[in-house]
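Report on the structure given below.
Just so you know, ligand 1 is whichever comes first in the structure, and atom 1 is the first atom listed for that ligand. Values in this document were obtained by computation on a predicted structure and should not be read as measured data.
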Amino acid sequence: MKYAFPVPSTPAVPIAGTNQYFPVRRIYCVGRNYAEHAREMGVDPNREPPFFFTKPADAVVPNGAEVPYPLSTQNFHHEIELVVAVGKAGVELRPESSLEHVFGYAVGIDLTRRDLQLAARDKGRPWDAGKAFDRSAPISAIHRAEQIGHPVSGSIWLKVNDAVKQSADLKDLLWPVADVLVHLSRLFALEPGDLIFTGTPAGVGPLVSGDRVSGGVSGVDEISIRIA
Ligand code: MN
């Protein structure tokens, strides 16, 4: 195959404790998966099936990196999230066995141009401009499930310049990871290399240039970035 220009490198995330990388195929994200966050976004939480949006694979940003303040926003938000790394292909997974498709877990920040997202939402338009922009998916190393298990409870938190902004517990996920995999795999064939951002708890808010952002999920990892 002769390409017209150099092929971009495959986006990849380090696998903790190894010299290997997890090649990223797709990034899926769950919307409104904590009740308190749904309320702060002006929406009634309910048990309707979870909904999904995506980010491009090359939106991943390594732990510790600088993230430039993005284009075309005056309301740039943080959303701390547990991230699932898929290691085994499957469709229409069943809840009792869906976790077998998990390679591991990481901590991610679903960076959001909230002004663009809400403008799109209110007009019934796609969320891409609000969610799927360049460098919108900072993520920690991936920790293999065979080493850390499948986290179902424990703190999830985020600080901006040492002030706690988000603090919740994984057990408050409206749709736990096993159920997220069931629903997502009814819509798309899951493949190794897929990442799933599982949703953010309440406390989302704005970032400005110079902010130091740190966060973590108990039993998984911590992440920090700086807004340039
Ligand atoms: Mn999110």
Side-chain angles (χ1 to χ4, degrees), residues 13 24 26-46 48-57 59-61 63 67 70 73 75-86 105-122 125-140 142 151 155-160 165-177 179-181 183-184 187-188 194-207 211 213-217 220-223 225 227:
V13 178
V24 180
R26 294 182 181 173
I27 304 175
Y28 298 101
C29 306
V30 185
R32 298 179 207 131
N33 204 9
Y34 291 82
E36 279 304 314
H37 173 61
R39 289 188 195 100
E40 76 178 347
M41 298 305 291
V43 178
D44 280 335
N46 54 49
E48 282 180 11
F51 69 94
F52 301 94
F53 57 91
T54 64
K55 292 176 185 269
V60 293
V61 173
N63 200 351
V67 174
T73 185
N75 198 15
F76 177 41
H77 273 206
H78 56 78
E79 297 191 354
I80 190 74
E81 309 200 1
L82 173 69
V83 180
V84 179
V86 174
Y105 296 89
V107 180
I109 307 175
D110 169 14
L111 292 173
T112 300
R113 294 190 288 208
R114 190 72 70 199
D115 42 1
L116 301 187
Q117 181 211 2
L118 295 183
R121 185 189 77 177
D122 294 345
R125 291 178 179 170
W127 286 14
D128 303 54
K131 289 291 195 178
F133 54 96
D134 297 318
R135 298 179 72 76
S136 59
I139 183 170
S140 75
I142 292 168
S155 66
I156 176 169
W157 56 273
L158 179 138
K159 294 179 187 176
V160 179
K165 299 293 188 183
Q166 296 186 268
S167 181
D169 195 292
L170 290 181
K171 68 176 164 45
D172 295 327
L173 279 166
L174 295 173
W175 295 97
V177 171
D179 293 333
V180 166
L181 290 162
H183 285 274
L184 184 60
L187 294 167
F188 306 100
D194 292 343
L195 297 175
I196 308 166
F197 282 59
T198 58
T200 198
V204 301
L207 298 170
D211 279 346
V213 185
S214 58
V217 175
V220 180
D221 204 347
E222 297 187 358
I223 188 170
I225 58 170
I227 309 304

Provide the tally of protein N/O/S atoms nearer than 2.8 Å to the Mn ion (ligand 1). 3
Residues two or more places apart in sequence or in another chain: which of them pass ring pair (Phe, Tyr, Trp, His ring centres under 6.0 Å) with F133? none
Nearest heavy atoms of P56 and A132, plus distance in Å: CD-O, 3.4 Å
Those residues that, when tested against R32, pass side chain to side chain donor-acceptor pair (under 3.5 Å) (two or more places apart): none
Just to verify, what does Y105 make a ring pair (Phe, Tyr, Trp, His ring centres under 6.0 Å) with, not counting sequence neighbours? H150
D179 atom CG, over 12 foreign heavy atoms within 6.0 Å: yes
Quick one: closest heavy-atom pair of E222 and V107, and the distance? N-CG2, 4.4 Å
